Amino acid sequence: MSAARASRSETPPPDGPVEIRRRRTQAERRAEAEARVLAAAAELVAEKGIDGLTLAEAGERAGYSRGLAGHYFGSKDELLAAMAEAIHDEFNVLRRERQRGTSGFAMLMATIDASFDRPAVGLVKMRAYLAVLMGAAHKPALAEAVATFNRESATDFGRLIRNSIEAGDIRPDIDARTQALILSAALRGIMAQWVLDPDGVDLAGIRTEFIALVRRALINPART
């Protein structure tokens, strides 16, 4: 050993706390690997569509072995369903952030407004998400995942509408579930048009008009 290396090895640590890098657990390493595979899958679906995705390429694009995606997710459809669910969860985070500090009819409006922030997750993920939604009809694993997303969206909007009816902010003759399905479908359709033609769809203008339209359709005249 050289004198310099010996000197460094024998020098006591400096006073004060010494940061020790914690070794990640197996669960943490797996969570990171799964997240990277899901992100890679989204990129590939955005580029090639759901039929162009392969488990091997997803694992390789993520920086792992070609067999890792299959080991973690089992099948291509299960990988696609997990990818769409991860993106859906990002949408929910955005929605909850926008809802914070609101209640009643204001929360409903904040939720609708948050739906127009979905491009914040990125065009690549939006393309991948919509590809799954549009290709799910004949793929059972995907159909189940998409049906779950639809139910969750309708349930959330329905709850907000019912709360607003009870508060007297929304007309009492409104059917909460029907309106919830209309809102969910309309917002998803707008996002699909934006993904297909991001330069030709004025999302900001549509947001303003859509919120105004919902107010006119739902607001209780007694509160105006």
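Source: prediction; values computed, not measured.
The distance from atom CZ of Arg151 to atom OG of Ser184, rounded to the nearest 0.5 Å, is 12.5 Å. To the nearest 0.5 Å, atoms NZ (Lys125) and CD (Glu43) are separated by 9.5 Å. Summarising the geometry, atom CG belonging to Asp113 is positioned 8.5 Å from atom OG1 belonging to Thr208; distances are rounded to the nearest 0.5 Å. To the nearest 0.5 angstrom, Glu209 atom CD is 9.5 Å from Ile206 atom CD1. Here Thr111 contributes atom OG1 and Arg96 contributes atom CZ; the two are 11.0 Å apart, rounded to the nearest 0.5 Å. Interatomic distance, Arg95 CZ to Met107 CE, rounded to the nearest 0.5 Å: 10.0 Å.
No more than 12 heavy atoms of other residues, nucleotides or ligands shown are found within 6.0 angstrom of CZ on Arg177. Within a 6.0 Å radius of CD in Glu97, more than 12 heavy atoms belonging to other residues, nucleotides or ligands are found.
Transitive grouping of hydrophobic side chains (ILVMFWY, heavy atoms separated by less than 4.5 Å) brings Ile211 and Ile161 into a common cluster. Met191 and Val201 fall within the same hydrophobic cluster, where Ile, Leu, Val, Met, Phe, Trp and Tyr residues are linked whenever their side-chain heavy atoms come under 4.5 Å apart, directly or through other members. At a threshold of 4.5 Å between side-chain heavy atoms, the hydrophobic network of Ile, Leu, Val, Met, Phe, Trp and Tyr places Ile182 and Val214 in two separate groups. Cluster annotation: Phe149 is not connected to Leu181 through the hydrophobic network of ILVMFWY side chains, with a link wherever side-chain heavy atoms come within less than 4.5 Å. Criterion: ILVMFWY side-chain heavy atoms under 4.5 Å apart, direct or through other members. Under it, Met126 and Met134 are part of a common hydrophobic cluster.
You'll find the side chain of Phe210 stays beyond 4.5 Å of the side chain of Leu203, heavy atoms only. Side-chain contact between His88 and Val146 is absent, with no heavy atoms from C-beta onward closer than 4.5 Å. Contact of the Thr148 side chain with the Glu152 side chain is registered, since non-hydrogen atoms from C-beta on lie closer than 4.5 Å. At a threshold of 4.5 Å between non-hydrogen side-chain atoms, the residues Val93 and Glu90 do not count as touching. Looking at Leu218 and Leu108, their side chains come closer than 4.5 Å, going by heavy atoms from C-beta outward.
Tyr129 and Phe91 have perpendicular rings, their planes meeting at more than 60° on a 0 to 90° scale where under 30° would count as parallel.
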_Applying side chain to side chain contact (heavy atoms under 4.5 Å, CB included) to Leu38 and Glu85, what does each step give before you reach the verdict?_
CA-CA 10 Å; Leu38 292 174; Glu85 183 177 4; over 6 Å; no

- request: Would you sort out whether Val124 and Arg127 count as a side chain to side chain contact (heavy atoms under 4.5 Å, CB included), showing the intermediate values?
  value: CA-CA 5 Å; Val124 166; Arg127 285 185 186 277; 5.9 Å; no

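Minimum heavy-atom separation, Ala58 to Val37: CB-CG1, 4.4 Å. The two residues Gly158 and Ala176 come nearest to each other via the heavy atoms O-CB, 3.9 Å. Residues Gly135 and Leu142 approach most closely at O-CD1, 4.3 Å, considering heavy atoms.
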Return a table of donor-acceptor pairs under 3.5 angstrom between the side chains of residues 69-84 and protein atoms on other chains or two or more places apart.
from	atom 1	to	atom 2	distance (Å)
Ser75	OG	Glu78	N	3.2
Lys76	NZ	Ile50	O	3.1
Lys76	NZ	Leu53	O	3.3

Just list the side-chain donor-acceptor pairs under 3.5 Å for residues 164-172, sequence neighbours left out, or say none.
from	atom 1	to	atom 2	distance (Å)
Ser164	OG	Phe105	N	3.3
Ser164	OG	Leu160	O	3.0
Asp169	OD1	Arg223	NH1	2.8
Arg171	NE	Asp173	OD1	3.0
Arg171	NH1	Ala217	O	2.5
Arg171	NH2	Asp173	OD2	2.7

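Arg61 places no side-chain N or O within 3.5 Å of a backbone atom of Ala40 that could act as its donor or acceptor partner. At least one donor-acceptor pair closer than 3.5 Å links the side chain of Thr102 to the backbone N or O of Gln99. Side chain of Asp175 to main chain of Thr178: a donor-acceptor pair is present (N/O by atom type, distance under 3.5 Å, no hydrogens or angles).
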